[in-house]
Structures are given as structure tokens and as C-alpha cells.
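Proteins get letters first, then strands, A, B, ... in listed order; numbering begins at 1 in each.
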Amino acid sequence: MLRSSTLFVRTLRDDPADAEVPSHRLLVRAGYIRRAAPGGYTWLPLGWRVLRKVEAIVRDEMDSMGAQEVHFPAMLPRDIYELTGRWDEYGDNLFRLKDRKGADFLLGPTHEEMFTLLVKDLYSSYKDLPVSLYQIQTKYRDEARPRAGLLRGREFLMKDSYSFDIDDAGLAASYNAHRDAYERIFTRLKLPYVIVKAMSGAMGGSASEEFLAPIEVGEDTFVRCTKCDYSANTEAVTTAALSPDTASYATAAVVETPNCPTIASLVDFLNANHARSDRAWKASDTLKNVVLQLRHPDGSTEVLVVGVPGDREADIKRIEAQVSPSEVEPLDDAGFAKHPGLIRGYIGPQVLGATSATGVRYLLDPSVVTGSEWVTGANVAGSHVLHLVNGRDFTADGTIEAVEVAAGDPCPTCREPLEIARGIEIGHVFQLGRKYADTLGLSVLDQNGKQVVVTMGSYGIGVSRAVASIAEVFHDDLGLKWPRAISPVDVHIVVTGKNGDDITIAGEKLAAELEAQGLEVLIDDRNGVSPGVKFKDAELIGIPTIVVVGKSLAEGNIELRDRHAGTNEAVPIADAVQRVVALVREG
RNA sequence: CGGGCUGUAGCGCAGCUUGGUAGCGCGCUUGUCUGGGGGACAAGAGGUCGUGGGUUCAAAUCCCGCCAGCCCGACCA
């Protein structure tokens with residue numbers, strides 16, 4: 001039994017000044033965590049209980065899907081991460097340290113290498129597969145900007161698991177088993193989630209999905225369809241397939257457009273000097289050609305021009321995700337100087353493309369469909385061309401998803417409008433494939449005695465981040481309100497009497513009886529603390545069921561308060577145990 | 001890494017403009033009263049004023065560097 005009189009906790013009346021988001025504010029105020037280091041938090045008794053309950057649910061579901069728990073050191077030698085190049089690749093986000101002999105170590109940001117080598121160490125036959133291993137461990141990442149309390153720390157608790165299969169079908173099965181387990185975990189945690197398609201990016205795998213808790217303070221932007229169940233990370237959104245434009249258009253014509261380096265100035269100029277008969281010119285009539293520079297992993301660079309409708313912005317991160325592992329940046333002045341064929345502000349597709357005069361690679365956003373007509377640069381300063389038709393007057397080297405996704409864009413599956421939302425990444429499932437197994441030499445003998453490279457999946461859940469996410473979802477102005485499954489205790493008994501009086505005695509008796517039924521009990525037995533203080537504390541701490549033993553005892557009643565519903569019910573003290581136990585058992 | 005704001009007692013803040021005794025509220029200790037919504041009165045404890053340097057007879061206060069925090073962006077998953 002936890003007693004408020006001795007529990008190591010101090011609730012704060014005021015919000016801490018450095019906490020902005022609700023989870024951070026309330027977890028500190030209610031005495032669950034304390035900041036101990038930049039991006040690092042101490043877990044106090046109440047917080048530690050919640051964290052362990054979340055961990056227990058994760059562990060339970062991982063075990064029942066057949067994964068086996070192991071535990072690696074957090075401090076790892078450099079050479080293992082040299083094997084995959086990640087000692088360098090991870091850059092500043094990696095915590096590095098030296099031992100007394102000057103040897104390099106790191107604090108593990110994630111453990112693909114260790115798991116892969118462990119399986120390589122022990123297994124060598126297809127008969128051993130499939131196998132899934134996991135650990136729940138403190139991870140270290142030297143984040144550029146830790147923020148929002150537990151939501152992005154530099155030290156955090158993560159469950160990471162890895163599956164090992166002989167073939168793609170096996171990987172798909174392992175992936176789905178993890179995905180299903182994750183759904184059960186987040187359901188048990190009462191954490192709302194959206195599964196979004198994600199980019200596999202530089203990791204080189206295929207399928208990749210993120211579990212996002214749709215919460216405004218989250219750092220991830222995703223889209224979801226207002227009608228069907230499509231959702232995706234903004235980088236991974238695909239454009240709805242559009243049919244070619246079959247209308248016929250006037251012959252392309254170059255017009256002088258002095259002082260029109262921007263889309264807005266161009267549209268204004270055209271409406272003033274080359275008005276259309278049917279309607280006014282719009283930004284969406286123009287084709288904007290964005291000049292980028294790709295930096296390939298070998299250090300070489302390449303100029304790339306991407307064509308997008310003039311009313312849309314090019315999304316560099318989205319483009320980058322598709323050309324990964326190359327990096328993308330806008331072409332700088334020096335770059336333009338090397339390409340005199342590119343007239344800034346007046347670039348048109350006529351001089352672009354692998355077989356063109358400039359030889360610069362040219363890709364179009366899919367919204368620039370075949371057969372559509374455009375106003376675009378004439379490749380002469382101060383001139384644009386009207387009625388330039390894709391496919392008739394110019395061709396590109398291909399397409400690339402390039403525009404910044406906007407609310408209202410059509411859903412790629414059902415064409416209804418998409419909406420944009422924010423979320424916290426609480427889980428990630430990822431078909432890694434053979435990248436690590438190849439690099440680290442993890443292969444097994446198959447039925448025919450042939451070496452086969454193992455295919456892997458990696459799957460993560462941010463355990464400490466889940467605690468914060470739950471606090472984000474379940475709170476109000478008064479404080480936290482935990483879901484029953486992870487509440488630090490089952491019931492919070494508030495005793496408003498004075499030491500030794502009937503109320504105190506009744507409260508202690510009730511607490512003992514509830515504990516005898518197997519419930520976890522917190523009793524506020526503080527003497528000389530006014531009822532108002534105890535009520536405020538109870539609301540702040542947020543145990544879902546609060547029992548008040550106080551003045552209504554005179555009528556033979558206790559008060560049963562539901563922190564979530566905000567209700568307060570008088571219950572005869574004789575029925576109290578049975579009522580509370582029933583509440584807790586039904587979950 | 002860039003921009004903005006901020007570091008004074010466990011928490012929230014004032015003092016800084018105009019240099020000269022370290023201050024308020026909450027919390028904490030002791031006592032009395034009080035006892036259903038962060039109660040009252042009285043007496044206390046608690047401070048390298050983020051840090052290093054400079055200016056000055058004298059620095060929380062003025063100047064410079066650094067560190068840390070929050071927010072926005074970049075980055076990350």
C-alpha cells in the first residue's frame with residue numbers, strides 16, 4: 001500500500017516554467033518525473049510505476065507473439081559500428097566516449113548490429129529460423145534539440161525487436177505478426193493510433209509503417225483521407241493517378257514578360273497584357289521549374305530540375321526521400337554559374353532533359369499530366385512561353401513526387417480530399433531486408449546446403465515516449481487521468497478525517513480490504529492536510545478511481561469518484577469493496 | 001546549426017532601467033487554531049543571483065565569452 005504520508009512525491013502548485021506541452025507540465029507537477037539532465041529525466045515512484053506497467057504490457061504482447069527478450073549493453077565498442085559504417089554515418093547524434101586505454105565506445109542509439117551479430121554468432125541453419133528477438137532498453141541519441149519533456153529526450157526507453165527469416169514470405173509474416181502485436185499493445189494502452197505509410201529511405205528496405213498517435217503537439221505531419229482509411233507520412237504520400245489531358249491547345253507562343261521573375265508578378269502581368277477570353281490567368285496555369293542539386297553518397301553532385309505547378313511549393317524532403325541516399329539542396333549561385341543555359345526565373349522545359357541542350361535531368365511532378373498546357377519560362381530573360389503542352393512541345397526524363405502535400409489534395413486511393421494532421425511517432429515497423437545481414441555476413445544453410453542471406457525486420461516502440469503520449473491524450477485542466485491498465489495504482493483513497501477518528505479508521509479498513517482483494521492502493525493518510533489539498537492532489541495525480549472517506553460516512557456512505565467521467569457517487573460503505581473491485585476488474 | 005525569449009531558494013516570480021543591506025507568494029520547520037476544494041496567525045530554516053572573465057572603491061544590476069532552458073526553423077525517427 002502506498003501512503004501519501006510517506007510516498008516520495010511532491011506535487012507542485014504552479015506549472016514549471018520550462019514545460020510547455022501538457023504531458024511535460026503535468027508529469028512534473030504531479031510528481032512523476034524530474035528533469036535531471038538536458039534531455040534526461042528521473043523517474044519518481046509514481047512515474048516509475050507507470051513506466052513499468054507500460055513496459056509490462058509491451059513485454060506481454062511481445063512474448064505472446066513469440067518474440068524472446070534479450071538484453072544488450074548500452075555501451076558498445078566502436079568497431080562493431082564501423083562494420084556498417086554507422087560510426088561515421090550517425091554523425092553528431094551518436095554519443096561517443098573513450099575508455100581508459102583510449103578505445104572508442106558509443107552509447108547505443110539502436111541495436112541492429114548487435115542483434116544481427118548475435119544471431120550470426122549462434123545460428124547457422126534454416127532450421128533455426130524464423131526467430132524474433134527484442135529488448136527493452138535505454139537508448140542514447142544526442143538530439144540537436146531535446147524538447148517537450150519525455151517526448152524527445154536524449155536518453156529514453158525503447159523496445160526494439162528484430163526478426164530473422166529465410167525468405168521474403170517469412171519476413172512478411174514476421175512483419176505482420178509485429179504489426180498485429182503493436183495494434184494490441186496500443187489498444188491495451190488506450191493510445192489512439194494511426195498507421196501511416198512511411199518512407200524506408202536510406203535504410204534500404206521495402207515496407208515501412210509508422211504508428212502515430214494523432215496529437216497536436218506531435219512532431220510528425222501526416223495526411224489521412226477524410227473518407228477512406230488511407231493515411232501516410234507526408235513524405236510518403238503518392239499522387240492520385242491522373243488521366244492525361246486530351247484537350248487541344250493553341251500553338252506555343254513566346255511573349256515578352258519584363259520584370260516577372262516570380263509567379264505572382266507573371267500572373268499579374270499576363271492578366272494585364274495577355275488576358276484570356278475565358279477566365280483570368282492563375283498561378284496554377286504556370287509551370288515552375290525548381291533547380292536543385294543532388295549530392296550523391298560518393299561526394300559527386302548533379303543538377304536536377306523539378307517541374308511543379310506554379311501554385312505549389314516543391315517539398316525538398318519529399319524529393320530527397322525518393323532520391324535517397326543522395327541529399328538534395330537548392331542550387332547555389334556557384335552552381336548556376338556553371339550552367340549558363342539555366343536563366344534564373346525564366347527556365348523552361350525546352351532546354352531541359354537528358355537529351356537537351358543543357359543535358360540537365362528534368363523530372364515532373366505527376367500533377368503535370370501529359371497533354372496539359374502551361375505558361376513557363378522561355379529560357380530568355382524577360383520572356384515566357386504560353387500554351388506549352390507536355391508531350392507535344394516538351395518531354396521530361398520522368399516523374400517525381402515533388403509538391404508539398406496540402407490539405408484538400410485528392411486521396412490516392414479514393415480521390416476524396418486529404419486532411420493534414422500532426423502526430424507523435426509511438427511505433428515503427430520496418431522490413432529491413434538484407435542490408436545488415438549482407439554487410440555483417442549473416443547467412444544460414446538452406447535445405448540444399450547453400451548459404452542464404454537472412455532477411456530482417458526491425459520494429460520499435462518508444463516506451464517512455466508512450467507514457468508521455470498517454471498523458472497527452474488523458475488529461476484535463478485539473479491534472480492527469482490515467483487509463484486503468486497503466487495507472488500507478490488501482491484506487492486512490494482520500495481520507496479527510498483527523499488522526500484516529502472514525503473516518504480515519506474506516507479509511508484504513510477500506511484500504512486494507514481492497515488490498516486484500518489484490519488491488520494496488522494509494523491512501524492519502526496525511527494528517528493535518530486540509531481536504532481541499534487532498535482533492536486537488538488526487539485530481540492532479542490522476543488515478544482513475546478515487547474513493548473519498550469523509551463526512552458522508554455519517555450517513556454510512558463513501559464517495560466513489562470517476563476521474564475520467566468526473567462523476568461522484570455516494571456508495572454505502574458496506575458495498576464499497578465490491579464496487580471498487582468490480583470497477584478495476586472490468587478495466 | 002540559424003532566429004527569438006529566458007536563467008535570482010524545491011516551484012512560480014520581483015529586484016536590473018539609474019551599481020551600494022537578497023526580496024515576495026507557494027512549499028518546508030515549530031506552535032496554536034482550523035477541518036469538504038490548494039485555510040489562518042505567529043516564529044523560523046533555506047541563496048556559489050547559470051558560469052568564467054572584465055569595468056568599478058563596490059556588480060544580481062554595466063560589458064564580453066561560455067553553459068543551460070523554452071519556442072520557431074534545420075536536423076533526427
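Within the 4.0 angstrom heavy-atom criterion, no nucleotide atom of any strand lies near A/Gly462. Residue contacts shown for A/Lys534 are absent, as no nucleic acid heavy atom lies under 4.0 Å away. Using a 4.0 Å heavy-atom cutoff across all strands shown, A/Asp537 reaches at least one base atom of the nucleic acid. Using a 4.0 Å heavy-atom criterion, one finds that A/Arg526 contacts no nucleic acid atom at all. Residue A/Glu20 is classed as a sugar-phosphate contact, given heavy-atom separations below 4.0 Å to backbone atoms only. In this structure, A/Thr110 reaches neither bases nor backbone, as no heavy-atom distance under 4.0 Å exists between it and the strands shown. Across all strands, A/Val28 comes closer than 4.0 Å to no nucleic acid atom at all (heavy-atom distances). Nucleic acid contact for A/Arg147: sugar-phosphate only, since backbone atoms but no base atoms lie under 4.0 Å from a heavy atom of the residue.
Using modelled atom types and a 3.5 Å distance limit, the side chains of A/Glu569 and A/Thr567 yield no donor-acceptor pair. Counted by atom type alone, A/Tyr459 and A/Ser163 present one or more donor-acceptor pairs between their side chains at under 3.5 Å. Side-chain contact annotation: A/Ser208 with A/His428, donor-acceptor N/O pair under 3.5 Å present. A donor atom on one side chain and an acceptor atom on the other are found under 3.5 Å apart for A/Glu472 and A/Ser23. Side-chain contact, A/Asp160 with A/Tyr162: a donor N or O sits under 3.5 Å from an acceptor N or O.
With hydrogens and angles ignored, a donor-acceptor pair under 3.5 angstrom links the side chain of A/Glu559 to the base of B/rG36. A donor-acceptor contact under 3.5 Å is not formed by the side chain of A/Arg29 with the base of B/rG10.
Here the separation of B/rU51 from B/rU8, taken at their C1' atoms, is 14 Å to the nearest Å. Separation of the C1' atoms belonging to B/rA22 and B/rU48 is 14 Å when rounded to the nearest angstrom. When the P atom is used for both B/rC5 and B/rC63, the distance is 14 Å, rounded to whole Å. For the C1' atom pair drawn from B/rG53 and B/rG47, the interatomic distance equals 22 Å after rounding to whole Å. Taking atom P on both nucleotides, B/rG27 is separated from B/rA74 by 43 Å, rounded to a whole Å. Nucleotides B/rU61 and B/rG20 place their P atoms 10 Å apart, quoted to the nearest Å. Comparing B/rU30 with B/rC72, their C1' atoms are spaced 49 Å from each other, to the whole Å. Nucleotides B/rA59 and B/rG46 place their P atoms 24 Å apart, quoted to the nearest Å.
For A/Asp142 and B/rA77, the CG to C1' distance is 15 Å, given to the nearest whole Å. Between the NZ atom of A/Lys498 and the P atom of B/rG36 there is a distance of 9 Å, rounded to whole Å. With rounding to whole Å, A/Asp160 atom CG is found 15 Å from B/rA77 atom P. Taking atom CG of A/Leu540 as the reference point, atom P of B/rC11 lies 16 Å away to the nearest angstrom. Distance CG (A/Leu553) to C1' (B/rG35): 16 Å, rounded to an integer number of Å. Taking atom CG on A/Leu151 and atom P on B/rC70, their separation rounds to 12 Å, with Å as the unit. Here B/rG10 presents its C1' atom at 11 Å from CZ of A/Phe8, a figure rounded to the nearest Å. The distance between atom CZ of A/Arg152 and atom P of B/rC71, rounded to the nearest whole Å, is 12 Å.
For B/rA77, there is no paired base (Watson-Crick or G-U wobble, both distances below 3.5 Å). Shown here, B/rG25 forms a base pair with B/rC11; the pair counts as Watson-Crick or G-U wobble because both key distances fall under 3.5 Å. Across all strands shown, B/rG65 forms a Watson-Crick or G-U wobble pair with B/rU51, both key distances being under 3.5 Å. Of all nucleotides present, only B/rG20 satisfies the Watson-Crick or G-U wobble test against B/rC57, with each distance under 3.5 Å. Nucleotide B/rG35 forms no Watson-Crick or G-U wobble pair with any nucleotide shown, as no partner meets the under 3.5 Å limit on both distances.
Closest approach to the A/Leu12 side chain among B/rA77, B/rG36, B/rC11 is made by B/rC11 (side chain taken as heavy atoms from C-beta onward). Across B/rG36, B/rG12, B/rA77, the shortest atom-to-atom separation from the side chain of A/Pro16 is found for B/rG12. Side chain of A/Arg10, nearest nucleotide from B/rC28, B/rG12, B/rG36: B/rC28. Nearest nucleotide to the side chain of A/Asp220, out of B/rG37, B/rA77, B/rG36: B/rA77. Picking from B/rG25, B/rC76, B/rG36 the nucleotide with the shortest atom distance to the side chain of A/Asp14 gives B/rG25.
You'll find the ring centres of A/Tyr32 and A/Trp482 inside the 6.0 Å limit.
A/Arg3 and A/Glu508 are joined by a salt bridge, as a carboxylate oxygen and a charged side-chain nitrogen come within less than 4.0 angstrom of each other.
Open room surrounds CZ on A/Arg10; 12 or fewer heavy atoms of other groups in view lie less than 6.0 Å from it.
Residue A/Arg35 places at least one side-chain N or O closer than 4.0 Å to OP1 or OP2 of B/rG69.
The residue among A/Phe535 and A/Arg465 whose nearest nucleotide of RNA chain B is located toward the 5' end is A/Phe535. Across the interface with RNA chain B, nearest-nucleotide mapping of A/Gly550 and A/Arg34 shows A/Arg34 to be the residue nearer the 5′ end.
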